[in-house]
Asks: 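Pasting a structure here, questions to come.
These numbers were taken from a predicted model, which means no experiment stands behind them. Positions are given from 1 along the sequence.
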Amino acid sequence: MKLIWCLLLSFVTMVVNGQTKKYDIVIYGGTSAGVSAAIQSSRMGKSVVLIEPTNCIGGLTTGGLGQTDIGNKQAIGGISREFYENIKKYYDDPENWKWEKRSDYKDGGQTRTEEGEATMWTFEPSAALAVYKSMMDKEKIKMVYNERLNRETGVKKVAGKIESITMESGKIFKGKVFLDATYEGDLMASAGVSYAVGRESNEEYGETLNGVQANSINTSLTGFVSRNAFNHNFIPGVDPYVVKGDPTSGLLPNVNEKPGLEGEGDKKIQAYCFRMCLTDHPENRIAFQKPANYDEVNYELLFRNYEARKGPIREMYSYGNSLLPWINSSMPNRKTDTNNKFGFSTDYIGRNYDYPEASYAERERIIEDHRNYQMGLMWTLANHPRIPAEVREEASRWGTTKDEFERADGWQQQLYVREARRMVSDYVMTQKNCEALTVAEDAIGLAAYGMDSHNVQRYVDANGYVQNEGNVEAHGFKPYPISYGALVPKKEECNNLIVPVCVSSTHIAFGSIRMEPVFMVLGQSAATAAVLAIDANVSVQDVPYPNLKEQLLKDRQRLK
């Protein structure tokens with residue numbers, strides 16, 4: 001019997017050892033930050049593995065977010081800018097224009113490509129994926145798909161260092177430095193690193209735009225006015241009750257009785273959605289489909305919002321004389337990046353609170369719930385008789401695309417996880433950083449977008465009507481540096497982990513940092529620091545900043 005157990009133990013050991021892989025740098029999460037970090041690790045001569053829990057790299061950059069939120073193009077450098085230069089080269093090839101002529105495409109707003117500009121900032125999901133794969137093919141990167149971290153027991157730490165991470169499949173990856181490039185911060189959390197979920201109170205970090213933001217006007221620390229609750233809200237007078245005017249009938253789905261105290265913190269999360277890639281090209285369009293579990297009551301507030309229109313309000317609540325509750329940003333080949341607009345739209349307000357801490361199975365349910373909600377919304381806008389005829393006519397021109405995502409219905413798998421966990425380290429980025437009242441002295445990249453939060457909840461106001469709360473759009477400041485200290489945990493918690501996505505920041509500061517070009521910047525900088533830590537045999541917290549700065553500037557990163 002003893003011999004049998006020894007043989008069995010030996011066999012198990014051989015199997016486990018066969019599944020164990022060793023690398024200099026282990027990156028968990030194939031988001032834009034993870035891809036950028038893997039490329040930089042390879043270029044600096046280190047062995048690197050990029051582990052993606054799904055079957056697709058690129059996160060939101062390949063998942064529908066083709067309308068790049070920048071704030072200031074000149075703030076973007078390094079591999080991030082290289083990506084947008086390669087997007088331009090991709091579309092310079094006539095072979096990549098199938099559904100329209102290059103000369104017919106017009107981008108706009110902050111993403112407009114100027115004459116002679118070497119970059120392009122709008123793109124199809126498939127174009128982003130092709131560019132990423134082309135960039136990675138030139139490097140020595142071990143790519144691993146469909147492997148999820150065992151979040152319960154999968155992180156092995158010894159003396160403050162992560163020694164290995166184990167996947168649900170049993171595969172083990174050992175490394176000298178680990179990077180958590182997920183939107184959720186799963187590796188960070190499983191490693192015992194401190195983090196926050198939800199909104200801090202304004203009092204905690206001396207801010208004005210954090211916490212509950214039910215008032216329509218708020219003043220920033222430097223004096224500019226933010227009209228927080230005005231945009232993406234309901235027309236006045238929309239009744240929140242199942243039976244209009246009857247509180248005893250109960251509230252309609254996803255409406256709270258009270259919003260909470262102004263400026264107070266909570267554990268609620270700004271709304272998620274899918275950034276849809278739509279088209280009006282008949283040969284490439286899939287008509288909006290009614291989900292099997294469609295329930296009309298989920299769209300009652302949408303109907304009532306249209307029914308509340310009166311006279312000049314139409315002009316206030318229309319963009320380009322369109323009453324469609326979405327923003328269609330033009331992408332090449334007669335496609336769009338479609339985002340939230342108005343009080344009832346693609347943002348599924350209040351249905352994502354559990355997502356950051358949820359199990360994988362629970363997250364899949366939340367994702368499917370969001371997809372069904374949004375599918376039902378689009379079908380409703382195109383078909384339901386309570387939707388104004390002019391809206392139905394316009395909505396029915398559009399549909400999901402046949403040639404972008406692998407699902408037969410044209411929907412993607414990547415949910416827009418705008419915010420989940422945020423690390424709490426020795427350095428926390430706050431509103432004061434955004435407004436240059438505090439300036440990080442160890443810059444590893446710039447952020448340039450306004451402080452931006454989508455709505456967090458729906459509630460009944462003092463007049464008995466429904467309102468959205470949590471929208472913040474605070475712009476008007478210059479690009480500002482992001483601290484290296486915000487990417488590394490407290491040294492006593494883990495000294496060989498770097499976190500380029502779920503950075504140490506408050507809710508409102510993260511609203512400015514959380515843009516895909518910036519995540520690529522932070523991914524490159526994180527990998528650079530990882531290489532320097534390995535070469536010097538020091539913890540990631542002890543990487544000499546002058547050395548880091550020198551290498552970042554050499555690699556075209558922009559720090560001021």
Asks: Pair Arg418, Asp452 - check salt bridge (Lys or Arg N to Asp or Glu O under 4.0 Å), show working.
Replies: CA-CA 10 Å; Arg418 289 189 170 95; Asp452 181 275; 5.8 Å; no
Asks: Do Ser201 and Glu204 meet the criterion of a side-chain donor-acceptor pair at a distance under 3.5 Å?
Replies: no
Asks: Once side-chain hydrogen bond (donor to acceptor under 3.5 Å, both in side chains) is applied, do any residues pair with Tyr373, and if so which ones, sequence neighbours excluded?
Replies: none
Asks: Going by an N to O cut-off under 4.0 Å, is there a salt bridge joining Glu357 and Lys267?
Replies: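 The answer is no: the pair does not qualify as a salt bridge.
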Asks: Does one side chain, of Thr338 or Asn328, offer a donor that lies under 3.5 Å from an acceptor on the other?
Replies: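 Looking only at side-chain atoms, Asn328 and Thr338 do form a donor-acceptor pair, the distance falling under 3.5 Å.
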Asks: Looking only at side-chain N and O atoms, does Ser220 offer a donor or acceptor that is under 3.5 Å from a partner on Gln431?
Replies: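 No, Ser220 and Gln431 have no side-chain donor paired with an acceptor closer than 3.5 Å.
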Asks: With Arg386 as the cation and Tyr306 as the aromatic partner, state whether NZ or CZ is under 6.0 Å from the six-membered ring centre and within 45° of the axis.
Replies: no
Asks: Taking Asp246 for the side chain and Thr248 for the main chain, is one N or O donor matched with an acceptor at less than 3.5 Å?
Replies: yes
Asks: Does this structure show an ion pair linking Arg148 with Glu184, if we count only N-O contacts that are shorter than 4.0 Å?
Replies: no
Asks: Could you verify whether a donor N or O on one side chain and an acceptor N or O on the other, from Asp347 and Ser345, lie under 3.5 Å apart?
Replies: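 No pair is found: no donor N or O on one side chain lies under 3.5 Å from an acceptor on the other.
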Asks: Is there a side-chain contact between Trp398 and Leu381 in this structure, where contact means two heavy atoms from C-beta onward sitting under 4.5 Å apart?
Replies: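 Heavy-atom side-chain distance check fails, nothing below 4.5 Å.
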Asks: Is it true that the side chains of Glu473 and Asn231 contain a donor and an acceptor less than 3.5 Å apart?
Replies: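 Checked: Glu473/Asn231 side chains pair up, N/O donor to acceptor below 3.5 Å.
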Asks: I need the single residue from Gln413, Gln414, Gln412 that forms a side-chain contact (heavy atoms from CB on, under 4.5 Å) with Cys56. Which is it?
Replies: Gln413
Asks: How are the rings of Phe477 and Phe224 set to each other: parallel, tilted or perpendicular (split at 30° and 60°)?
Replies: tilted
Asks: Please give me the minimum heavy-atom distance between Pro291 and Asn372, naming the atom from each residue.
Replies: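 Heavy atoms of Pro291 and Asn372 come nearest at CG-O, 3.6 Å.
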Asks: Given side chains that start at C-beta, do those of Glu207 and Met451 come closer than 4.5 Å, heavy atoms only?
Replies: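 Glu207 vs Met451: side chains apart.
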Asks: Can you confirm if the NZ or CZ of Arg514 lies within 45° of the ring axis of Phe519 and under 6.0 Å from the centre of its six-membered ring?
Replies: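 Here Arg514 fails the 6.0 Å and 45° test against Phe519.
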Asks: Going by heavy atoms in the side chains, are Leu252 and Arg304 under 4.5 Å from each other?
Replies: yes
Asks: Do NZ/NE/NH1/NH2 and the carboxylate oxygens of Arg199 and Asp266 come within less than 4.0 Å?
Replies: yes
Asks: So Arg371 and Glu364, salt bridge (Lys or Arg N to Asp or Glu O under 4.0 Å) or not? Walk me through it.
Replies: CA-CA 10 Å; Arg371 186 183 290 109; Glu364 287 301 320; over 6 Å; no
Asks: Tell me whether Asp180 is salt-bridged to Arg421, with the criterion being a basic N under 4.0 Å from an acidic carboxylate O.
Replies: no
Asks: Would you call Thr208 and Asn218 a side-chain contact if the rule is heavy atoms closer than 4.5 Å?
Replies: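 In contact.
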Asks: Step by step, work out the side chain to side chain contact (heavy atoms under 4.5 Å, CB included) result for Leu301 and Arg458.
Replies: CA-CA 11 Å; Leu301 288 174; Arg458 289 197 170 112; 4.1 Å; yes
Asks: Mind checking side-chain hydrogen bond (donor to acceptor under 3.5 Å, both in side chains) for Ser512 and listing every partner two or more places apart, or none if nothing turns up?
Replies: Tyr480
Asks: Would Tyr484 and Tyr545 count as a close aromatic pair, with their ring centres under 6.0 Å?
Replies: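 When the ring centroids of Tyr484 and Tyr545 are compared, they turn out to be at least 6.0 Å apart.
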Asks: Is Lys491 salt-bridged to Asp426, cutoff N-O under 4.0 Å?
Replies: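 Between Asp426 and Lys491 there is no salt bridge, as every charged N stays at least 4.0 Å from the carboxylate O atoms.
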